[in-house]
Amino acid sequence: MRSILPVLTVVAGILGFWLLAVIPMNMHLVADQAQRDGAVVTPDTPTARQDLSGVGLALKNVHLIPLTYDFQRPRLPAPQQVAGEMVDTIFGRSVTSKRSLVYHGWVTLAPTLLGFAIGTGLGILLAVGIVYSRVMDRSVMPWAIVSQTIPILALAPMVIVVLGSMGIQGLFPKSLIAAYLSFFPVVVGMVKGLRSPDAMQLDLLRTYNASKPQGFWNLRLPASVPYLFASLKIGISASLVGTIVAELPTGARAGFGARMLVGDQYGQPLVSWAALFAAALTAAALVGLFGLIERMTLKRMGMQAA
Amino acid sequence: MMYVALGIAVWILGWWINVRLANGAASDTVSARVAVPLIFGLTIVVVWELMVRGFEVSPVILPAPTDVIERIGSSGATLWADFRQTILKGALVGYVLGAAAAFAVAILADRSEFLTRGILPVGGFMAALPIVGTAPIFVKWLGSDWESKAAVVGVMVFFPILVNTVAGLKDTSAMQRDLMRTYAAGYWPTLFKLRLPSAAPFIFNGLKIGTTLALIGAIVAEFFGSPTVGMGFRISTSFGQLALDMVWAEIVVAALAGSAFYGIMVLIEKRVTFWHPSQR
Amino acid sequence: DGHANTVTLQLQWVTQSQFAGYYVAQDKGFYEEEGLDVTILPGGPDIAPPQVLAGGGADAMLNWMPSALAAREKGLPVVNIAQPFKTSGLMLTCWKDTGITEVADFKGKTIGVWFFGNEYPFLSWMSQEGISTEGGEDGVTVLKQGFNVDPLLQREADCISTMTYNEYGQVLDAGVNPDELVTFKYEDQGVATLEDGIYVLEENLEDPVFVDKMVRFVRASMKGWKYAEENPEEAGGIVVENDETGAQSEEAQIRMMKEIAKLTAGSDGSLDEADYQRTVDTLLAGGSDPVISKAPEGAWTSVITDQALQ
Amino acid sequence: MRPPQSVISARDLDLTFQTNDGPVHALKGVNLEIAQGDFVSFIGPSGCGKTTFLRVMADLEQPTGGEITVNGVSPGEARRARAYGYVFQAAGLYPWRTIGGNIRLPLEIMGIPKAEQAERVARVLDLVELSGFERKFPWQLSGGMQQRASIARALSFNADILLMDEPFGALDEIVRDHLNEQVLKLWERTGKTIAFVTHSIPEAVYLSTKIVVMSPRPGRITDVIDSPLPKERPLEIRESPEFLEIAHRVREGLRAGHADG
Amino acid sequence: MRPPQSVISARDLDLTFQTNDGPVHALKGVNLEIAQGDFVSFIGPSGCGKTTFLRVMADLEQPTGGEITVNGVSPGEARRARAYGYVFQAAGLYPWRTIGGNIRLPLEIMGIPKAEQAERVARVLDLVELSGFERKFPWQLSGGMQQRASIARALSFNADILLMDEPFGALDEIVRDHLNEQVLKLWERTGKTIAFVTHSIPEAVYLSTKIVVMSPRPGRITDVIDSPLPKERPLEIRESPEFLEIAHRVREGLRAGHADG
Ligand SMILES: Nc1ncnc2c1ncn2[C@@H]1O[C@H](COP(=O)(O)OP(=O)(O)OP(=O)(O)O)[C@@H](O)[C@H]1O
Ligand SMILES: Nc1ncnc2c1ncn2[C@@H]1O[C@H](COP(=O)(O)OP(=O)(O)OP(=O)(O)O)[C@@H](O)[C@H]1O
Ligand SMILES: Cc1ncc(C[n+]2csc(CCO)c2C)c(N)n1
Ligand SMILES: [Mg+2]
Ligand SMILES: [Mg+2]
């Protein structure tokens, strides 16, 4: 909570920069349009204008600057345009409407959560395997790293087709891509966490002649909780990115990914930008939610949040 | 059926060898450490080959590893050109720029608690912007060539490096800082002689995460507009042509390059942070 | 079997009036009249319809013939069973102020081209004109064009690929006057290739049950197309209703439908062998790296349309 | 059941660690008998093998030579029979468990019924004077209190042998004195056999019936001193001549070990 | 330049920390004069403000009341004039620097020429008997050697005052005895003024010309004992009656502090 003022300051700084950048970014397009509409523009041919920078052009055509903030097809939309579009599509529509961002948010969120659950479960299982089995540790870990160097957008269509040919469609294929992206941070974090007990804590259990499962439940698992939460927070936003990536090859029907694509294809940058920001807000909200659960859990466990 | 049975047999054999190697007396030797993952990978490849043959999977759905290897052999020049365009230009330039920007901002943010508190959450928000949304925007702004790819990469690697660097710069113990104070050391000596060295393990953490992101970013951004060369270009074009052997050849190159990039970072990390307990 | 009356159709792009005939047939109950239960799968930038067909995810797909023929050569025997689009809508759109007036002026210019199997017509054309696509003074610099018209608007490219019914309209929507532009329709250049045909897997055609349902499918689809041609307003509305992204505007889809109608106008669904031959000839002329190495055999059949149009 | 005389008996014990820099001879030719009810302190310079010896008794390290029995059986069997409680140098409480939960840990693992667990926890908490802190988390307690909790944890399951490795190393002198008194009382009351590692000469002399002086490289026993001090030991005893005399002997032994080490 | 008599002079020094649980009165009404060449030990139970007092002298903490001068000026000025060397409880060597590099650190910061740096490093390494270890990294040395390196680091820039906060807390008795002897020698040889925090009564008595006994809540000075022991102090002096007598007085002072604390 103490962060509100600093965050607002930084956001204000970014908004200021953004507002300034709108002018040179859109100047050429605005000048072209203004000329078609009969305004006087210097220089007076698009090719000549092409040789000027956005700032240079703006200085020569100060009267056109206001137009850059209200352009229908901007390179860089002004902040208030994006905000307007978001307000309109989030609050201005019934949540069941295809034109509501809330509806698309849910379309994206559902596979995100499912994929996250799958990825986290898989990640934890793998981590347990890696911690308890030398063979898994030595053979699987390097390939887990390699798996993350594969460009997922290239793999996603094939995964979708293969699953589609098995009659699996809808939520699950997207979830699988989401799981693929979210399992890795969980594996890495949980391996670290499960290995975090020091030699003395392990020896203690040995003096009690505790079994492996007892060691897992009483020591390794609780010790890994802070690491788990750190990974969950990375994993959930990775999962969201995975779903959005998967929304293009599933036939770009609905969801944030589809909105971004279609907005881009049909010359509606505001649709894309609004979806983009909505996606980031969703991720931030999810991360915040896990932060909250983390704080509550660690408090109950007597460990302060890191 | 024969192939399937053979596949299962190969799997069991590979696993058995690895169990012997990993638990055996020589398990800590360098060769065993390299051999175990290699055998694991080889097992997967062989099983993949056998399954593709056994189930007669169409090559336009999943090519056999042998086809992919053949393609790598026959298209070396193309793969190399794509590698140069995507990795050496897009990914590397973006990585260096992103890392440099992250350092600069981290050091700036670090000068004031206020800025740190403001920048980290906003940075987290920016990092959550999905690449499929940002890539078209950068292509629109910076054109189709590698510059826009470098920008995408820069933005992607920026945040993890920033967060880790900020955390690292904060990681000095009170005693280490007090020591500097007793010497009446100024800001810069403290930065260079204490805080940067002690932040190095964190910084490398961010740099390592950045390596895989850089590759993925550069490749994926090419899907949204590119010249007629590049790994992402080739993947998307070949996929449209159903030349899946080429798609997988590029994926193999990407994985190799990514692992090598990561490995190089690990080596540098070992050299620079040799003093850290995790490296001893 | 249970699939005797179900059809899954894979489109090659997101829901838009380019596919109005199918949506109309669905909406107006033409499929139902034929006793069919049809599922329409929208496409997107990462969907290769032939692959979906190969994977068994769809019974039929829409595709451009160059791409389909290339898939055939890759070992995926797809067959054209109907050709609702008579005319090609593909063209290059250039800024007039770049000085381009004829094809020879392309030299030294930058041109945006769609890849993903759709680059073949362009490459064949350039090769017939003797223009290199490797850039330089005497060649054209090719950009892999994304999904929008920005490279032209931002003047990163001098020309881009557009469809008469979609991207060209977007350029105009962006405020550009038609007289600022020069267009080169493939149709006019004699290098048109067949677009938006219906394709199925060859092996399926041996199954009379499958053939029968395709006959009904094509018949109903063509009915849909003809209805759409005559009622573009209604058709545009139906398309927008079916667009799950909620980002399409009815106005744009109606306009698109009107343009599409010009392309489907001359077709009753059957493939005109002369068009086919021109497509193959164009592709075979593809210079050093031709799309197809030899004239394909059995790449199309009139069996379905013959029955459907009885 | 167990031989009444020797609780721990080591004969010619050897332990060599293989390290990157070559072998480290941590224990060499160690012979020692500890009788039922003994309080044995191990003292010696850093690296002389005190911890290693304790860990061998606890089956946490395997000797590379010689023989050792604990309660007449091998250390491994003794461990599986839960024959001893081990107190580590640092308290090592699990931070996610309350003090009560930490003490309950061995009881849960050993499958002791819930009702009895509660009762035992209450008893040992009382023994180390921590009643009322059961619900607190470790970080809510001072270092000395944490250390007492860790002793309570080792006492909770009533093993006959208590192995304590520098349990008070991190505490200040006054708190340490206080805990020393409490350990002595506990020992008297329970009759346990205690093996105790320390760096402090007064502590060793004050607590023990037997002081084992060790010397490093290779780790070996250089002197075993049987204390003539009575079982009743007020703190003031530390200024008595007998006390100073034993302390002097220990110090000499230590210095000799250091000189040739 | 500097007043010959009083190197450190505290008058009515007060320091209150504001914490979540309310204010902590770490120092209250502290008065103390330390003369040039004194060896002053601070002893007292945990939390009585020893470290805080040292940190105030070093300008690492700001007093909330009273006055203090170091070399006749404020602690801040003294710090900027690099008037003292500070030795922390843990060695706190930077792990990425060699032993030589660690000792060179303050010299680099103070802008001392390269050639002179090398010469000084060699000299202080010799002083703490670590010649030959210049190239080693901290973790390659034992705890005692690390501690000596950290003392060398504080000596390298030749400040008049040495502030040492429990420098030997983590070491074993024998090594500690040895280092105590060396510190004494160093003090004699250099005539530095030393302020030394310890928990060990014998250590305080053995080393000091002046022993300051402190007591907690609020942290205050309860006794200042001037030692009658001669400057020459063999280790055996610790068994002499004068020594035991002073030790007894310190212990009584401590116990009193604990009782009412
Ligand atoms: N796991 C190990 N691997 C290798 N060497 C070890 C290991 N444990 C201990 N040693 C070495 O064995 C010797 C004895 O160590 P030990 O811990 O028993 O000493 P100690 O007497 O307990 O010392 P301290 O008083 O410092 O605790 C030391 O030289 C130590 O470095
Ligand atoms: N930065 C701080 N903030 C709040 N309270 C503090 C701070 N530093 C010390 N204290 C409190 O001030 C009191 C004196 O602490 P100080 O560290 O000076 O004790 P000490 O005598 O050095 O103890 P020890 O022997 O344990 O090192 C303690 O109660 C401590 O909790
Ligand atoms: C990745 C990709 N690029 C281009 C096309 C070609 N194409 C066929 S129909 C159509 C829509 C025109 O409005 C386009 C662009 C494709 N299918 N996929
Ligand atoms: Mg030890
Ligand atoms: Mg202190």
Side-chain angles (χ1 to χ4, degrees), chain A residues 28-30 32-34 36-37 45-50 71-73 75 89 93 97-101 103-104 107 153-154 156-158 160-169 245-255 257-269 271-272 275, chain C residues 8 10-16 39-58 95-99 116 146-150 153-156 158 166-167 169-177 179-180 240-249 252-253 256:
Chain A
H28 284 95
L29 292 172
V30 165
D32 292 355
Q33 186 58 42
R36 286 183 202 115
D37 296 343
T45 66
T47 2
R49 288 196 289 270
Q50 219 49 43
F71 193 54
Q72 267 319 294
R73 218 178 173 290
R75 279 173 92 192
T89 49
R93 318 272 165 154
S97 151
K98 291 184 298 192
R99 298 190 185 270
S100 161
L101 261 191
Y103 163 77
H104 291 283
V107 170
L153 198 58
M158 299 182 237
I160 306 277
V161 165
V162 170
L163 287 178
S165 71
M166 299 192 295
I168 304 171
Q169 279 174 1
V245 165
E247 266 165 0
L248 306 188
T250 44
R253 279 180 241 189
R259 295 283 286 192
M260 286 177 207
L261 173 78
V262 173
D264 190 38
Q265 225 250 309
Y266 295 92
Q268 299 170 290
V271 169
S272 293
Chain C
T8 306
Q10 175 66 56
L11 308 183
Q12 58 169 337
W13 199 245
V14 298
T15 304
Q16 60 176 354
T39 309
I40 302 174
L41 301 177
D46 291 324
I47 290 184
Q51 204 199 24
V52 177
L53 214 57
W95 287 114
K96 192 178 265 174
D97 58 19
T98 56
F116 211 74
F147 320 118
N148 55 42
V149 297
D150 286 318
L153 297 179
Q154 319 250 356
R155 292 179 172 273
E156 189 194 357
D158 303 301
N166 182 3
E167 287 81 6
Q170 281 186 47
V171 176
L172 302 186
D173 281 349
V176 180
N177 285 323
D179 53 15
E180 292 178 74
V240 171
E241 255 170 58
N242 279 282
D243 161 45
E244 292 175 60
T245 67
Q248 307 279 31
S249 81
Q253 292 307 315
M256 187 185 293

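Since the structure is predicted, the reported quantities are computational estimates derived from the model, not experimental observations. Every chain is numbered from 1 and lettered A, B, ... according to where its sequence line falls, protein lines coming before strand lines.
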Peer 1: Can you see which heavy atom on T15(C) is nearest to which on Y266(A), and at what distance?
Peer 2: O-OH, 4.3 Å
Peer 1: Between atom OG1 of T45(A) and atom CG of D97(C), what is the distance when rounded to the nearest 0.5 Å?
Peer 2: 7.5 Å
Peer 1: Which heavy-atom pair separates D32(A) from R155(C) by the least distance, and what is that distance?
Peer 2: OD2-NE, 4.4 Å
Peer 1: Only pairs of heavy atoms separated by less than 4.5 Å count here; which of A154(A), G164(A), P157(A), S100(A) has the most with chain C?
Peer 2: P157(A)
Peer 1: Is there a side-chain contact between L261(A) and V14(C) in this structure, where contact means two heavy atoms from C-beta onward sitting under 4.5 Å apart?
Peer 2: yes
Peer 1: Taking side chain to side chain contact (heavy atoms under 4.5 Å, CB included) as the definition, give me every residue that meets it alongside A252(C), ordered by chain and number, with sequence neighbours left out.
Peer 2: S249(C)
Peer 1: I need the minimum non-hydrogen distance between L153(C) and L29(A), along with the two atoms involved.
Peer 2: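 Minimum heavy-atom separation between L153(C) and L29(A): O-CD2, 3.7 Å.
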Peer 1: Quick one, N166(C) with Q265(A), criterion side-chain contact (heavy atoms from CB on, under 4.5 Å). Give me CA distance, side-chain angles, the key distance, then yes/no.
Peer 2: CA-CA 10 Å; N166(C) 182 3; Q265(A) 225 250 309; 3.8 Å; yes
Peer 1: Which answer fits V162(A), side chain, backbone, both or neither, if we ask what part of it has an atom under 4.5 Å from a heavy atom of chain C?
Peer 2: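 Neither the backbone nor the side chain of V162(A) comes within 4.5 Å of chain C.
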Peer 1: What closest approach, in Å, do V262(A) and A247(C) show between heavy atoms, and which atom pair accounts for it?
Peer 2: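 Scanning both residues completely, I find the closest heavy atoms to be CG1-CB, 3.7 Å.
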Peer 1: Please walk me through it: do Q33(A) and V176(C) pass side-chain contact (heavy atoms from CB on, under 4.5 Å)?
Peer 2: CA-CA 8 Å; Q33(A) 186 58 42; V176(C) 180; over 6 Å; no
Peer 1: Is there a donor-acceptor pair under 3.5 Å between the side chain of H28(A) and the backbone N or O of Q154(C)?
Peer 2: no
Peer 1: Say whether, by atom type as modelled, one donor and one acceptor occur between the side chain of K98(A) and the main chain of E241(C) under 3.5 angstrom.
Peer 2: yes
Peer 1: Identify which of Q50(A), Q268(A), Q72(A), M158(A) forms the greatest number of heavy-atom pairs closer than 4.5 Å to chain C.
Peer 2: Q50(A)
Peer 1: One pair to check against side-chain contact (heavy atoms from CB on, under 4.5 Å): R253(A) and L41(C). What are the steps and the verdict?
Peer 2: CA-CA 9 Å; R253(A) 279 180 241 189; L41(C) 301 177; 3.6 Å; yes
Peer 1: Could you tell me which residues satisfy side chain to side chain contact (heavy atoms under 4.5 Å, CB included) with R99(A), sequence neighbours excluded, listed by chain and number?
Peer 2: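 With sequence neighbours excluded, R99(A) shows a side chain to side chain contact (heavy atoms under 4.5 Å, CB included) to R93(A), S97(A), V240(C), given in chain and number order.
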Peer 1: So which part of E180(C) gets closer than 4.5 Å to some heavy atom of chain A, the side chain, the backbone, both or neither?
Peer 2: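 Only the side chain of E180(C) comes within 4.5 Å of chain A.
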Peer 1: I need the D264(A) CG to N148(C) CG distance, nearest 0.5 Å.
Peer 2: 4.5 Å
Peer 1: Pick one of side chain, backbone, both or neither for N177(C), based on which atoms fall under 4.5 Å of a heavy atom in chain A.
Peer 2: both
Peer 1: Please answer whether the main-chain N or O of T245(C) pairs with a side-chain N or O of R259(A) as donor and acceptor at a distance below 3.5 Å.
Peer 2: yes
Peer 1: Between D179(C) and chain A, with a heavy-atom cut-off of 4.5 Å, which part of the residue counts as in contact: side chain, backbone, both or neither?
Peer 2: neither
Peer 1: Where is the tightest heavy-atom contact between G55(C) and V161(A), given as atom of each residue plus distance?
Peer 2: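 Closest pair (atom of G55(C), atom of V161(A), distance): CA-CG1, 4.4 Å.
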Peer 1: Decide side-chain contact (heavy atoms from CB on, under 4.5 Å) for R73(A) and V149(C); before the verdict, give the C-alpha distance in whole Å, the side-chain angles of both, and the deciding distance to 0.1 Å.
Peer 2: CA-CA 11 Å; R73(A) 218 178 173 290; V149(C) 297; 3.5 Å; yes
Peer 1: Quick one: what part of Y103(A) sits under 4.5 Å from any heavy atom of chain C, side chain, backbone, both or neither?
Peer 2: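 Interface part for Y103(A): side chain.
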